[in-house]
Protein chains: 2
Amino acid sequence: MSKAETAREAAIPVLAEVFREHGYEGASLALLGNRTGLGKGSLYHAFPGGKAEMAEAVLDAIEAWFETRIYAPLRDEPDPRAAIDRMLTETDAYFRSGGRACLVGAFALTDGRDRFALRIARYFTGWRDALAAALTRAGFGPGDAADRAEEVVSAIQGGLVLARALDDPAAFGRMLARLRPRLDPSGGAAPGR
Amino acid sequence: MSKAETAREAAIPVLAEVFREHGYEGASLALLGNRTGLGKGSLYHAFPGGKAEMAEAVLDAIEAWFETRIYAPLRDEPDPRAAIDRMLTETDAYFRSGGRACLVGAFALTDGRDRFALRIARYFTGWRDALAAALTRAGFGPGDAADRAEEVVSAIQGGLVLARALDDPAAFGRMLARLRPRLDPSGGAAPGR
DNA sequence: CGCGGTTTGTACCGATCGGTACAGAGAGCG
DNA sequence: CGCTCTCTGTACCGATCGGTACAAACCGCG
């Protein structure tokens with residue numbers, strides 16, 4: 001692996017954190033350079049496309065992480081209940097129990113929306129569809145499974161917004177706890193349906 | 001009312017829309033000037049504090065709108081069920097059935113967070129507490145009411161994020177529909193609690 | 001060592017950022 | 001009309017924006 005590729009891989013998590021905290025417009029090249037410890041020359045050598053390519057690389061890395069750690073197990077693991085459980089614990093860990101915002105959600109709300117619409121949509125549809133598949137295999141009817149999957153993906157975003165708005169990360173944990181019984185076919189009945 | 005005050009009042013909804021679409025950092029003075037039809041001179045005459053004061057005025061206007069249209073009825077209307085129903089329809093209308101993002105949520109996720117933390121938190125606590133009061137009067141136990149209120153406020157934000165991310169405003173309506181039965185004490189039992 | 005390509009710090013670019021200064025247009029009033 | 005005070009378009013400020021150019025430093029390799 002060339003030095004540039006190494007630097008690129010090492011930089012991506014840091015870039016992600018800066019985009020997460022400041023949004024696309026708010027993350028200036030000066031900030032991105034300082035936090036990664038890379039000068040402008042190095043940054044543009046690793047990401048010739050500039051800031052846009054950095055954001056794309058970050059979004060791709062996030063999608064890859066979710067794909068292997070969450071979506072694929074939801075789709076393929078023999079025991080769907082175990083995969084769903086794993087999704088909840090992985091999600092809680094990824095978002096640091098509410099202490100970390102969702103970069104994709106932040107991009108969706110403001111500046112990056114038009115620029116990265118496709119990747120943003122794919123992140124959410126991927127999650128929703130994989131979860132729906134798992135719920136179907138777990139015993140929910142197809143329509144019910146799709147509905148619950150959408151609800152869960154949506155609720156996770158809501159929990160992150162609220163946790164950040166109230167500066168109360170625990171709000172995210174409470175939201176995950178509310179979700180759990182709704183993902184168990186033997187458990188609570190569908191509320192009002 | 002002086003001309004400046006009139007201009008200020010007239011400008012606020014437009015400013016709100018620009019902040020909503022671009023976030024705090026993304027909303028440049030040039031953009032704010034063009035959309036309001038006000039030159040820099042007029043803008044700074046109406047908002048001597050500059051961009052920060054514009055955003056504060058917008059947040060104040062939003063809070064006032066929700067306070068009178070939603071929070072106060074939830075707290076004070078004799079029939080809590082009617083107030084809750086009204087909340088749902090007003091919310092759906094305000095967010096244009098998912099076609100409009102929540103400025104407060106967007107600020108919470110990225111740039112405006114530190115700058116406007118207090119107002120952002122107040123928007124959400126105000127909503128949550130007013131709804132909890134209505135739910136209590138409607139017959140839920142205090143703890144249950146508070147929990148459901150937090151869930152609803154969180155879910156609304158999640159629905160808005162998802163609607164925007166998928167470019168599918170209807171996702172917001174589906175979320176509201178899922179919420180409705182959970183706000184009726186005679187209806188569906190609490191799921192898993 | 002010298003040679004080649006890769007990597008990087010730095011100077012610089014035009015554009016735009018938020019904000020200020022101010023002259024003159026405009027409106028209210030006697 | 002003329003005076004006064006409010007308003008506003010425009011020029012301008014220094015800082016910073018994202019991005020480019022390029023020479024020097026660096027590195028593996030012979």
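Below, read A as the first sequence line, B as the second, and so on, with proteins coming before strands; counting in each chain starts at 1. Computed from a predicted model, the values in this text were never measured in an experiment.
- For the pair A/Leu43 CG and C/dT8 C1', the interatomic distance rounds to 11 Å; values are reported in whole Å.
- Atom CZ in A/Arg115 sits roughly 10 Å away from atom P in D/dG18 (whole-Å rounding).
- D/dG18 atom C1' lies 11 Å from atom CD of A/Glu25, rounded to whole Å.
- Between B/Tyr44 atom OH and D/dC7 atom P there is a gap of 18 Å when expressed in whole angstrom units.
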Protein-nucleotides 9-15 of chain C N/O pairs under 3.5 Å:
{"unit_1": "C/dG9", "atom_1": "OP2", "unit_2": "A/Gly39", "atom_2": "N", "d": "3.3"}

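- The CD atom of B/Glu53 sits 16 Å away from the C1' atom of C/dT20 (whole-angstrom rounding).
- Following rounding to the nearest Å, B/Leu15 (CG) and C/dG18 (P) show an atom-to-atom distance of 13 Å.
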Please determine whether side chain to side chain contact (heavy atoms under 4.5 Å, CB included) holds for the pair B/Met54 and B/Leu43, giving the CA-CA distance in whole Å, both sets of side-chain angles, and the decisive distance to 0.1 Å.
CA-CA 9 Å; B/Met54 298 179 210; B/Leu43 264 185; 4.1 Å; yes

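- With sequence neighbours excluded, the residues satisfying side chain to side chain contact (heavy atoms under 4.5 Å, CB included) with B/Asp76 are B/Ala72.
- Rounding to whole angstrom units, CZ of residue B/Arg8 and P of D/dT6 are separated by 17 Å.
- Protein atom CG of B/Leu29 is 16 Å distant from nucleotide atom P of D/dC17, rounded to whole Å.
- A sub-4.0 Å separation between OP1 or OP2 of D/dT8 and a side-chain N or O of B/His45 is absent.
- Counting only heavy atoms from C-beta on, B/Ala30 has its side chain closest to C/dC17 among C/dC17, D/dG18, C/dG18.
- The aromatic rings of A/Phe66 and A/Tyr94 sit perpendicular to each other, their planes meeting at more than 60°, with 30° as the lower class boundary.
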